[in-house]
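Convention: sequence-line order gives letters A, B, ...; per-chain numbering from 1.
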Amino acid sequence: MKKLGYDFYRRNDVVKIARELLGKLLITKWNGQLTSGRIVETEAYNGVADRASHAFNGRRTARTEVMFGDAGTGYVYFCYGIHHLFNVVTNAKDIPHAVLIRAIEPLEGIAVMLQRTGKSEPNLRFTSGPGNVAKAMGIHTVHSGISLLGDTVFLADDGFLLDKKEIIATPRIGVDYALEDALLPYRFIIKDHPFVSGKKK
DNA sequence: CGACCGATCGTCT
DNA sequence: GACGATCGGTCGA
């Protein structure tokens, strides 16, 4: 298993990175509690040119500042007063690209995930959807700005291979306010994967 | 199934 | 003061 490094995140094409993150692992180790899952759904947010991005038109605030930081940083955003959404910051410093992790297939530490989500048994939804991913992985807004190059939260490649035919691109979820950008095919899912959230194609 | 709705609060205007 | 990069439940067909 190989941790994804700076060179992976530093690249310019956030849409390509979002596609490549399918099949990779998301791992957290808080206080020695290991949880991991395979990424099965992502969305690219293409910086200042993207109406769906918090950084659209160069909007730079205390909250969005993390996206303007260097590649390989976690951007965590609190949504609807309830949910935490975990993103991976890509591209160079001052270019606010990010990839939202929308769903994972749980692998290790399922008992811990159940505890965090208040469930008694795993089902096909409890790590499906960005709010559920962060909840199961124990990610909160206090982690916004954390480096993904360290050992507490990071992404990794375990050699899992996906055929191109297994990858589907669709419009992003919940960004109708983004006008024409709402139609861009920036959401990537693994075809027919049971842990994909919402629409399956 | 799909449509609708309430919860709940940080962030920006 | 309005508004979400959501979720899970309910209701009706």
Side-chain angles (χ1 to χ4, degrees), chain A residues 9 14-15 17-19 21-22 26 37 39-69 73-91 95-106 113-146 148 153 155 168-189 192 194-201:
Chain A
Y9 301 112
V14 67
V15 178
I17 293 173
R19 189 188 310 118
L21 283 178
L22 290 181
L26 170 60
I39 296 167
V40 302
E41 177 177 354
T42 62
E43 280 178 1
Y45 284 84
N46 192 26
V48 299
D50 183 354
R51 298 190 102 89
S53 171
H54 296 155
F56 172 65
N57 206 20
R59 187 159 57 145
R60 196 161 180 160
T61 66
R63 179 180 62 153
T64 66
E65 188 61 30
V66 169
M67 277 198 285
F68 289 86
T73 303
Y75 169 52
V76 185
Y77 152 68
F78 189 56
C79 184
Y80 293 106
I82 301 178
H83 305 291
H84 301 264
L85 277 58
F86 173 71
N87 299 252
V88 173
V89 175
T90 69
N91 210 319
I95 300 181
H97 288 182
V99 177
L100 174 66
I101 308 301
R102 288 193 57 90
I104 62 175
E105 171 190 355
M113 295 188 204
L114 289 173
Q115 193 180 341
R116 288 172 181 155
T117 56
K119 299 278 198 297
S120 54
E121 293 178 28
N123 60 38
L124 291 178
R125 278 178 306 284
F126 92 119
T127 58
S128 177
N132 289 333
V133 169
K135 195 171 187 183
M137 298 301 282
I139 296 171
H140 307 272
T141 48
V142 292
H143 300 122
S144 197
I146 195 170
L148 305 178
V153 51
L155 277 58
I168 297 177
T170 83
R172 293 170 291 186
I173 305 293
V175 297
D176 292 347
Y177 59 86
L179 307 177
E180 70 273 15
D181 290 342
L183 301 175
L184 294 170
Y186 282 1
R187 171 175 175 253
F188 297 96
I189 61 178
D192 297 329
F195 281 92
V196 167
S197 75
K199 298 181 182 64
K200 306 291 185 182
K201 53 183 181 175

Discussion item. Distance check, rounded to the nearest 0.5 Å: A:D176 atom CG versus A:L183 atom CG?
Written reply: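 With rounding to 0.5 Å, CG (A:D176) is 9.0 Å from CG (A:L183).
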
Worksheet item: Rounded to the nearest 0.5 Å, how far apart are CD1 of A:I17 and OG1 of A:T90?
Response: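 Those atoms lie 4.5 Å apart.
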
Item to complete: Quick one: which residue pairs count as a salt bridge (Lys or Arg N to Asp or Glu O under 4.0 Å) with a foot in residues 46-55 of chain A, not counting sequence neighbours?
Response: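 Pairs touching residues 46-55 of chain A that pass the test: A:D50-A:R172, A:R51-A:E180.
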
Worksheet item: When you look at A:V40 and A:I189, which way does the side-chain contact (heavy atoms from CB on, under 4.5 Å) test go after all the steps?
Response: CA-CA 6 Å; A:V40 302; A:I189 61 178; over 6 Å; no

Discussion item. When both hydrogen-bonding distances must be under 3.5 Å and the geometry is Watson-Crick or G-U wobble, what is B:dT8 paired with, if anything?
Written reply: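 Paired with no nucleotide.
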
Worksheet item: Does C:dA5 have a Watson-Crick or wobble mate here (both distances under 3.5 Å), and if so which one?
Response: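 Checking every strand shown, C:dA5 finds no partner, since no pair has both distances under 3.5 Å.
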
Worksheet item: If you check every side-chain atom of A:R59, which of C:dC7, B:dC9, B:dC12 has the closest atom?
Response: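 Closest nucleotide among those given: B:dC12.
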
Can you check the [X] [atom1] to [N] [atom2] distance for me, whole Å?
| X | N | atom1 | atom2 | result |
| --- | --- | --- | --- | --- |
| A:Y77 | C:dT6 | OH | P | 8 Å |
| A:L183 | C:dA5 | CG | P | 16 Å |
| A:I139 | C:dA5 | CD1 | C1' | 15 Å |
| A:H84 | B:dC9 | NE2 | C1' | 11 Å |
| A:L179 | C:dA5 | CG | P | 13 Å |
| A:M67 | C:dA5 | CE | C1' | 10 Å |
| A:D181 | C:dA5 | CG | P | 14 Å |

Worksheet item: Is it true that atom CZ of A:R125 has more than 12 heavy atoms of other residues, nucleotides or ligands lying nearer than 6.0 Å?
Response: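 At most 12 heavy atoms, drawn from other residues, nucleotides or ligands, come within 6.0 Å of this atom.
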
Practice prompt. State whether the distance check finds a donor on one side and an acceptor on the other, under 3.5 Å, for side chain A:H54 versus base C:dA5.
Written response: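 Side chain to base: pair present.
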
Worksheet item: Does a nitrogen or oxygen in the side chain of A:R102 sit under 4.0 Å from OP1 or OP2 of C:dT6?
Response: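 For C:dT6, OP1 or OP2 has a side-chain N or O of A:R102 closer than 4.0 Å.
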
Item to complete: Establish, with yes or no, whether the OP1 or OP2 oxygen of C:dC7 is under 4.0 angstrom from a side-chain nitrogen or oxygen of A:K119.
Response: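 No, A:K119 has no side-chain N/O under 4.0 Å of OP1/OP2 on C:dC7.
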
Worksheet item: With centres under 5.5 Å and planes under 30° as the test, does A:Y45 stack with C:dA5?
Response: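 It does: the two rings, one from A:Y45 and one from C:dA5, meet the stacking criterion.
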
Worksheet entry | Separation between the C1' atoms of B:dG10 and C:dG8, rounded to whole Å |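 About 22 Å, rounded to a whole number of Å.
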
Worksheet item: Going by the angle between their ring planes, with limits at 30° and 60°, are A:H54 and A:Y75 parallel, tilted or perpendicular?
Response: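 Rings of A:H54 and A:Y75: perpendicular, over 60°.
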
Determine the contact category for [X]: base if any of its heavy atoms lies under 4.0 Å from a base atom, sugar-phosphate if only primed atoms, P, OP1 or OP2 are that close, otherwise nothing.
| X | value |
| --- | --- |
| A:Y80 | base |
| A:R63 | sugar-phosphate |
| A:Y177 | base |

Discussion item. Taking side-chain contact (heavy atoms from CB on, under 4.5 Å) as the criterion, tell me which of A:T170, A:V99, A:L184, A:I173 meets it with A:E43.
Written reply: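 Checked A:T170, A:V99, A:L184, A:I173 against A:E43; only one passes side-chain contact (heavy atoms from CB on, under 4.5 Å): A:I173.
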
Worksheet entry | For DNA chain C, the residues among residues 131-138 of chain A that have a non-hydrogen atom under 4.0 Å from it |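 Listed by number, they are A:G131, A:N132.
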
Worksheet item: Do any N or O atoms from the side chain of A:N46 and from the backbone of A:V15 form a donor-acceptor pair under 3.5 angstrom?
Response: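 No: the side chain of A:N46 does not pair with the backbone of A:V15.
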
Discussion item. Which is more 5' along DNA chain C, the nucleotide nearest A:R125 or the one nearest A:Y75? Just name the residue.
Written reply: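 Comparing both residues, the 5'-ward one is A:Y75.
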
